[in-house]
Amino acid sequence: MLGTIRALGAAVLALAGAATALPAAHAQQPAQQSPAANTVEVIRSRGTLVCGVNTGLAGFGAPDAQGRFQGFDVDYCRALAAALLGDAERVRYVPLTAQQRFTALQSGEVDVLYRNTTWSFSRDTSLGFDFPAINFYDGQGFMVKVSTGVQSASELQGATVCVQPGTTTEQNLADWARANNMQIRPVVIERMEEAVGAYIAGRCDVYTTDVSGLASTRAAQGPRSEEHRILPEVISKEPLGPVVRQGDPRFRDIVAWTHFALVAAEELGITRENVERAAQSDPRPEVQRLLGRTGDLGQMVGLPNDWALRAIKAVGNYGEVFERNLGPLGIQRGPNRLWTQGGLQYAPPFR
């Protein structure tokens, strides 16, 4: 029910109808995947890691007042650069919309995507990509203005919903509406900032994306954040993480194990502040292997043995990365707690 939500004018309804009638050719159709180059050597030769990031999602990837990108995903770019190049600052950030991201990766414009991208069957099997790890477990939700009085997604019958094209969000919205016999009218807008702006301006009743993105958007409203309500229903699973091109297993392994190194560091109590001290004096065998004091784990993927130490020194452990970037937005760890704390984040053994 949406008796408390005002009806939109005919012009907006026309926009929604036109948006939902986009031709199939407008959907994401990356170029044919060519054999992957040796990405590590390309990065080393260039001297810079090229990271595809969000165009501006607070807490995940957005430029600060000085134009420097900051956020959870950005810290992963920095950790990877530290592991590969020994310097977390040797990163070039390429902001990409949801529609642009896959073409940019396929074409080699970027080396890796760290951009709130969901791992799904079709993306993993038909687009020429690999998803090395899940660094954020999320799910799709809805946000409405408190003034509407809406408390539950079951009240969204007849609503207009701002959504980005070329995303699992758009597909999930259609599936959820069909499964629940809900008549909703999508307003499809490519750029996230414009979709949020349309929702804030009242061009649609509801904004839908991952719950973390909703929390980020709400927090960005500052003193007016309390005017927006995230509804309790979560309608999908959204396992988010880095994306690389298929055909380069060494680079895929480095991306995966950089994530696992940050998780293992949290499990082992290793932080940005104490990592160098732990390398020198922590007697635990796994700590010594992780930080490159014993064994040859780095050499197995063509890196110096202290690659993980460099990544942890650059950004801290997984918990530090999470709390520094997402804690101020009120985003809770939830399933992103360590497995020892009832969550899903789990690192395979470093041995």
Side-chain angles (χ1 to χ4, degrees), residues 1-23 26-28 54-58 60 62 97-100 116 118 138-236 238 329:
M1 296 181 297
L2 273 173
T4 54
I5 296 182
R6 62 180 179 80
L8 295 175
V12 175
L13 295 180
L15 171 63
T20 54
L22 288 172
H26 188 72
Q28 190 68 48
N54 213 297
T55 55
L57 183 61
F60 286 91
T97 68
Q99 290 281 70
Q100 295 168 338
N116 305 79
T118 299
D138 211 342
Q140 184 174 333
F142 300 101
M143 186 163 66
V144 300
K145 294 183 175 69
V146 171
S147 60
T148 65
V150 171
Q151 301 280 343
S152 168
S154 64
E155 301 173 65
L156 296 180
Q157 185 69 257
T160 51
V161 183
C162 279
V163 63
Q164 287 182 269
T167 61
T168 55
T169 307
E170 183 183 24
Q171 300 162 8
N172 293 336
L173 177 63
D175 289 349
W176 173 81
R178 188 178 303 113
N180 290 277
N181 198 27
M182 298 286 284
Q183 299 298 315
I184 55 95
R185 291 169 288 179
V187 178
V188 183
I189 303 174
E190 179 176 353
R191 294 187 66 86
M192 181 196 67
E193 301 91 330
E194 294 174 4
V196 171
Y199 159 72
I200 296 296
R203 288 172 54 198
C204 46
D205 306 315
V206 185
Y207 177 50
T208 186
T209 190
D210 298 342
V211 173
S212 63
L214 296 178
S216 173
T217 297
R218 183 174 64 177
Q221 306 312 306
R224 308 194 72 170
S225 61
E226 296 305 314
E227 297 177 9
H228 304 275
R229 173 181 294 131
I230 298 174
L231 301 181
E233 291 84 358
V234 177
I235 68 170
S236 70
E238 303 297 324
L329 301 180

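- Counting heavy atoms from C-beta on, the side chains of Ser216 and Leu57 come closer than 4.5 Å.
- Side chain of Glu194 to backbone of Glu190: no donor-acceptor contact under 3.5 angstrom is found.
- Residues Asn54 and Phe60 fail the side-chain proximity criterion, which asks for heavy atoms closer than 4.5 Å.
- At a threshold of 4.5 Å between non-hydrogen side-chain atoms, the residues Leu156 and Val150 count as touching.
- The CG atom of Asn180 lies 10.0 Å from the CD atom of Gln157; values are rounded to the nearest 0.5 Å.
- A distance of 6.0 Å separates OH of Tyr207 from CE of Met192, quoted to the nearest 0.5 Å.
- The side-chain hydrogen bond (donor to acceptor under 3.5 Å, both in side chains) search around Ser236 returns Asn172, Glu238, not counting sequence neighbours.
- Of all the heavy atoms in Thr97 and Thr55, the pair that sits closest is N-CG2, 3.8 Å.
- How far CZ of Arg218 is from CD1 of Ile230: 4.0 Å, rounded to the nearest 0.5 Å.
- Between Ala98 and Pro165, the shortest heavy-atom distance links the atoms CB-O, 3.9 Å.
- Looking at heavy atoms from C-beta onward, Thr208 lies out of side-chain contact with Met143 at the 4.5 angstrom threshold.
- Across all non-hydrogen atoms, the minimal contact from Pro186 to Val163 is CB-CG1, 4.2 Å.
- When all heavy atoms of Ile189 and Cys162 are compared, the closest pair comes out as CD1-SG, 4.3 Å.
- Scanning all heavy atoms of the two residues, the minimum distance from Cys204 to Val187 falls at CB-CG2, 4.3 Å.
- Between the Gln140 side chain and the Asp210 main chain, no donor and acceptor come within less than 3.5 Å of each other.
- In this structure, the separation between OG on Ser152 and CZ on Arg229 is 11.0 Å, given to the nearest 0.5 Å.
- Ring to ring, His228 and Tyr199 are close: their centroids are under 6.0 angstrom apart.
- Qualifying salt bridge (charged side-chain N to carboxylate O under 4.0 Å, His left out) partners for Glu193, counting only residues two or more places apart in sequence or in other chains: Arg191.
- Here CH2 of Trp176 is found 4.0 Å from CE of Met182. Values are rounded to the nearest 0.5 Å.
- For residues 171-180, the pairs satisfying salt bridge (Lys or Arg N to Asp or Glu O under 4.0 Å) are Asp175-Arg178, with sequence neighbours left out.
- Tested against Asp205, the residues Val144, Thr148, Thr160 include a single side chain to side chain contact (heavy atoms under 4.5 Å, CB included) partner, Thr160.
- Side-chain atoms of Arg185 do not come within 3.5 Å of backbone N or O of Val161 as any donor-acceptor pair.
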